[in-house]
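Here's the structure, in structure tokens; my notes come after.
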Amino acid sequence: MKTLSSTGFAIFGAALVAISYGLARFAFGLFVPPIRDELGLTPYVIGIIGALPLISFLLATAIAPLITAYLGARNTAMLSGVFGVGGLALISQATDALMLGVGVFACGICTGLMMPALTAAMQAVVKRSMHGRVSSVMNAGTSIGVIVAVPTVLFLAGAWRFAYLSFAVLAAIGVIAAWLFLPSVSRITPGNAAPPPPISELPWSRLVRLSLFAFLMGFISSAYWIFAPDLVVTLGGLPSGATGWLWLSVGIAGLGGAVVADLADRNNPPITQALMLMMLAASLALLAASPGQSWLAAFSALVFGLAYMSLTGLYLMTGIRLLPGRLSVGPVLPFMAVSLGQASGSPVVGGLVDAFGYADAFAMFAALGILVAILSPFYPGHIAQAEEDEEDSGLQAAYDHQLQNEEGEPLEPVVDEAEHVDDAERPAVNP
């Protein structure tokens with residue numbers, strides 16, 4: 001294995017996330033118009049197929065911690081890449097809905113395995129004080145992958161098979177890179193760490209509220225991820241290549257989501273969630289109202305990208321805060337809820353499009369977004385701790401307090417000159 005610095009690991013992790021999330025999962029909506037036309041699929045069938053990678057993502061995420069513990073970070077990431085290569089290659093050769101569905105299902109498995117593998121590797125090779133920043137950079141990889149997919153639509157309009165074959169080649173390169181740069185095993189918890197709180201003592205009411213809000217956000221956003229490009233082509237009359245500008249706008253705006261989410265966690269999460277959900281609803285309404293205006297459609301994509309990435313980042317940090325000491329569960333729970341919402345919403349949108357048309361279907365989902373935003377005061381904010389400083393907030397503080405001693409203080413390293421403890425295995429000290 002070749003050693004990476006913290007910065008290098010963050011960039012490398014973002015690249016793998018770009019392939020597994022941006023290309024293997026979210027790029028599908030970008031190619032819906034030409035795929036639908038060539039294979040003769042109805043919106044409802046597209047909705048069902050669009051839900052398959054989300055379902056497989058949920059299944060893979062649920063067992064990913066066990067697979068990572070058994071296979072190690074390197075082998076799990078490589079397994080993820082193999083599913084990505086197979087799924088993307090199948091999509092490129094799809095001749096009917098069944099073959100297309102199998103391909104996108106495999107891509108969902110790729111997505112579900114990648115982040116747990118990278119998280120395990122990060123905990124092995126990156127100092128704990130840097131986990132917050134590294135995680136934020138890796139999370140931005142989704143936007144990078146979406147941006148990478150755009151030129152294939154702008155310059156290869158209609159050549160979706162060649163585009164997916166190119167994605168499969170990139171995924172194969174990612175498999176080789178994972179073998180070269182990720183550790184085979186990862187030691188996560190120091191031997192002198194206090195055990196995590198018992199299941200019975202977890203803040204279940206807060207976890208349920210977080211999961212419900214994440215589910216509803218995923219449900220609402222599914223309309224944009226799966227059907228926005230098809231809407232501007234079918235209802236707005238724009239050429240298929242023009243849909244690339246939508247995803248370019250989503251990707252660029254999404255890069256700012258990590259910053260917004262961190263600021264939100266430091267200030268008022270419920271208010272920020274309400275604002276971002278209103279922006280999400282506005283992006284749906286704006287696109288449905290003016291699908292033939294390319295500039296307004298691109299602006300709606302900017303609003304959607306910033307709102308979506310900000311909300312997923314906020315849910316990530318809230319999950320970490322609510323589950324201290326459970327590194328593999330805190331970030332996974334809200335992402336599973338978001339994906340379950342998207343898997344549920346995709347066929348619902350397809351059915352509404354068949355029954356009422358694109359404009360009315362998007363308007364209904366926009367109205368639901370406004371309703372959920374109104375309920376944001378029930379979003380779980382900070383856990384009240386009077387003794388915390390103002391500095392003890394945000395994603396970095398959440399990571400720093402994951403491993404604590406019996407008194408609830410962050411762990412200090414145990415200095416033993418007789419032992420030569422590798423940096424990867426030494427508990428980090430808060431700066």
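All values derive from a computational prediction rather than experimental measurement. Index from 1, following the sequence.
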* To do: I would like to know whether Thr119 and Met115 meet side-chain contact (heavy atoms from CB on, under 4.5 Å); could you show each step before the answer?
  => CA-CA 6 Å; Thr119 302; Met115 187 58 81; 4.1 Å; yes
* To do: With side-chain contact (heavy atoms from CB on, under 4.5 Å) as the test, would you mind laying out the steps for Val303 and Leu286 before giving the verdict?
  => CA-CA 10 Å; Val303 175; Leu286 184 60; 5.7 Å; no
Give the minimum heavy-atom separation between [X] and [Y], together with the two atoms involved.
X: Leu235; Y: Ala288; answer: CD2-O, 4.4 Å
X: Ser249; Y: Ala301; answer: CB-CB, 3.6 Å
X: Leu54; Y: Ser339; answer: CB-O, 3.7 Å
X: Ala214; Y: Ala337; answer: CB-CB, 3.7 Å
X: Tyr358; Y: Pro43; answer: OH-CG, 4.3 Å
X: Ala178; Y: Arg74; answer: O-CG, 3.5 Å

Within a strict 4.5 Å, meaning less than it, do heavy atoms of the [X] and [Y] side chains meet?
X: Phe335; Y: Tyr315; answer: no
X: Val102; Y: Met99; answer: no
X: Phe378; Y: Pro270; answer: no
X: Arg25; Y: Ser20; answer: no
X: Ser376; Y: Leu277; answer: yes
X: Ser211; Y: Leu333; answer: yes
X: Tyr379; Y: Pro269; answer: yes
X: Thr61; Y: Thr111; answer: no

Could you tell me whether a side-chain N or O of [X] sits under 3.5 Å from a main-chain N or O of [Y], the two making a donor and an acceptor?
X: Ser290; Y: Gln293; value: no
X: Ser80; Y: Thr76; value: no
X: Ser221; Y: Gly218; value: yes

Taking atom [atom1] of [X] and atom [atom2] of [Y], what is their separation to the nearest 0.5 Å?
X: Tyr44; Y: Ile49; atom1: OH; atom2: CD1; result: 11.5 Å
X: Leu368; Y: Leu216; atom1: CG; atom2: CG; result: 6.5 Å
X: Ser6; Y: Ile11; atom1: OG; atom2: CD1; result: 11.0 Å
X: Cys110; Y: Phe105; atom1: SG; atom2: CZ; result: 13.0 Å
X: Ile63; Y: Thr68; atom1: CD1; atom2: OG1; result: 9.5 Å
X: Thr95; Y: Leu90; atom1: OG1; atom2: CG; result: 10.0 Å

* Going by atom types alone, do Ser300 and Tyr224 pair a side-chain donor with an acceptor below 3.5 Å? ->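 Present: a donor and an acceptor within the cut-off.
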* To do: Return yes if a side-chain donor-acceptor contact under 3.5 Å exists between Tyr70 and Asn75, otherwise no.
  => no
* Inspect the surroundings of CE in Met278 and state if more than 12 heavy atoms from other residues, nucleotides or ligands are less than 6.0 Å away. => no
Which class fits the ring pair [X] and [Y]: parallel under 30°, tilted 30 to 60°, perpendicular over 60°?
X: Phe12; Y: Phe181; value: tilted
X: Phe219; Y: Phe365; value: parallel
X: Phe167; Y: Phe31; value: perpendicular

* Centroid separation Trp225 to Phe28 less than 6.0 Å ->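 Not close enough - the centres of the two rings lie 6.0 Å or further apart.
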* Asked: Which residues pass the side-chain hydrogen bond (donor to acceptor under 3.5 Å, both in side chains) test with Tyr164, sequence neighbours left out?
  -> none
* To do: Take Ser56 and Phe83, measure what side-chain contact (heavy atoms from CB on, under 4.5 Å) needs, and give me the verdict at the end.
  => CA-CA 11 Å; Ser56 59; Phe83 274 105; over 6 Å; no
* Applying side-chain contact (heavy atoms from CB on, under 4.5 Å), run through Met276 and Met217 and close with a yes or a no. => CA-CA 10 Å; Met276 291 301 152; Met217 193 280 286; over 6 Å; no
